[in-house]
Structure formats: C-alpha cells, structure tokens
Amino acid sequence: AQSVTQLGSHVSVSEGALVLLRCNYSSSVPPYLFWYVQYPNQGLQLLLKYTSAATLVKGINGFEAEFKKSETSFHLTKPSAHMSDAAEYFCAVSESTGGNQFYFGTGTSLTVIP
Amino acid sequence: KAGVTQTPRYLIKTRGQQVTLSCSPISGHRSVSWYQQTPGQGLQFLFEYFSETQRNKGNFPGRFSGRQFSNSRSEMNVSTLELGDSALYLCASSLGTVLYEQYFGPGTRLTVT
C-alpha cells in the first residue's frame, strides 16, 4: 500500500529565501510522485511529477523536486521564495504498475514573510 | 482545452437532505476521481470511475455514491446529509488507464446546516 508523509504542516520562509517542503513516501511498487499546489478557494494545480525518468524534476514557477529512492523522499524546493508562493502544498503518490488511486499527504501550508 | 469544471461551486443544505454534485472532465479524459477535503482529514479519496464503471472506492459510507455517463461526465450523490459532510468536494480527471497525473476542478464547497 502507498502512503505519503509530509513533515511540517506549516512552513514559514522569508521572501528570497530557500523553500524546502519535505515529502516521504511508502510504496510496495515503483511509485509515481507528484506535488500539487492549492491556492485559497481553488482546486489543486500540478506543480511537477516524477514518473521514473530523470530523478531531478523541474516544475512550474521555479519549483523542482528530487526523487531519492534510498531515502524514499521527494522533497520540493525553490531557490528563492516569492510572495505569490504562499499556498498549501500537497505531495501525492500513485502506483506505476497500473494503479489508479492517488494517496495524498496532509499538506504543508507555506507562508512567505516580506 | 477547457479544464475540469464542477457545478455548483457553492451549496448550502440542511441535515437529512441529499445533494448531487457534477463534474465535467477535460475532453478526452476517461477517468474521474472524487475527493473530500476537510481541514481535519485533508484530502480523502471517495471513488474513481473509468468508462462508466467504478474502478476504485475509498472508505466512505454507502451514503456517498457516484456514477459516470458515456460522455465521461460524473455525478456524486450524498444522501441523508450530516453536519460532518461539510467539505470541499474535488473532482479530478485523468487521461487513461494509469494515473500519470490528475487535473483538478475548482471544487464544490458544501455546507450542511
């Protein structure tokens, strides 16, 4: 069975500082991994995805994530935070072997301090 | 290409009533999944439909049901509403048999009073 753990339900960073949001997964089969962002009163928007190609994945808005199998991690980073990055971020995992269900983490709320 | 649309966006119902939510997936997408999002429980999977068949189901009571039509549009029904059903209900569509990625609609905010 798959599961996702997001460490830190709330993260605050200063504008211009590094953003690091942590995600660890558990999967009995090779996983597909995703990061989504949710702005207030909106649905989820896909930031980036890992589907067994390059382990360093680049997404939209300057975000990237690195798949580390040995650490079962898929942390999200951005070199320099912008005020517009303030939102809720969700990590998700699905099976690569034909599964059709996503398992989401509990989310991390990012605050950017001016 | 138009995104996933959900109607209505906001809904207020009374305890004991029933409600039907609608989701129109991205054109060409055959898989539709439904999620319930609450502050306390986060995103919880309700069910997934593919080609008019329920392919996967989460751990929700039978009061929650859904269906998918031949044009891939999907509806979700909740009967005998409870206060705890107040949530944002999100619909997501996906292209095919393996969920490479899902595209989410804006959600329907259901308030049960």
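In what follows, chains carry the letters A, B, and so on, assigned in the order in which the sequence lines appear, proteins first and then strands, with residues in each chain numbered from 1.
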Give the other cluster members for B/Tyr89, using side-chain heavy-atom distances under 4.5 Å between Ile, Leu, Val, Met, Phe, Trp and Tyr residues; answer none if it is isolated. B/Leu11, B/Val19, B/Leu21, B/Val32, B/Trp34, B/Leu46, B/Phe47, B/Tyr49, B/Phe60, B/Phe64, B/Met76, B/Val78, B/Leu81, B/Leu83, B/Leu110, B/Val112
Gap between atom CZ of A/Phe104 and atom CD of B/Gln44 - 0.5 Å precision: 12.0 Å
Could you check B/Leu43 against A/Leu44 for side-chain contact (heavy atoms from CB on, under 4.5 Å), going step by step and ending with a plain yes or no? CA-CA 11 Å; B/Leu43 275 157; A/Leu44 277 67; 3.7 Å; yes
Contacting region of A/Gln38 [heavy-atom separation from chain B under 4.5 Å]: side chain
Count the heavy atoms belonging to other residues, nucleotides or ligands that lie under 6.0 Å from CZ of A/Arg22, then report whether that count exceeds 12. no
Counting only heavy atoms from other residues, nucleotides and ligands, does the tally under 6.0 Å from CZ of B/Arg9 exceed 12? yes
Disulfide bond (SG atoms under 2.5 Å apart) contacts touching residues 11-79 of chain A (sequence neighbours left out): A/Cys23-A/Cys91
Near B/Asn71 CG, under 6.0 Å, is it more than 12 heavy atoms from other residues, nucleotides or ligands? yes
Is it the side chain or the backbone of A/Leu46 that comes within 4.5 Å of chain B heavy atoms, both, or neither? side chain
Between B/Phe45 and A/Phe102, does the ring centre distance come in under 6.0 Å? no
For residues A/Phe90 and B/Gln37, determine if any side-chain heavy atom of one lies less than 4.5 Å from a side-chain heavy atom of the other. yes
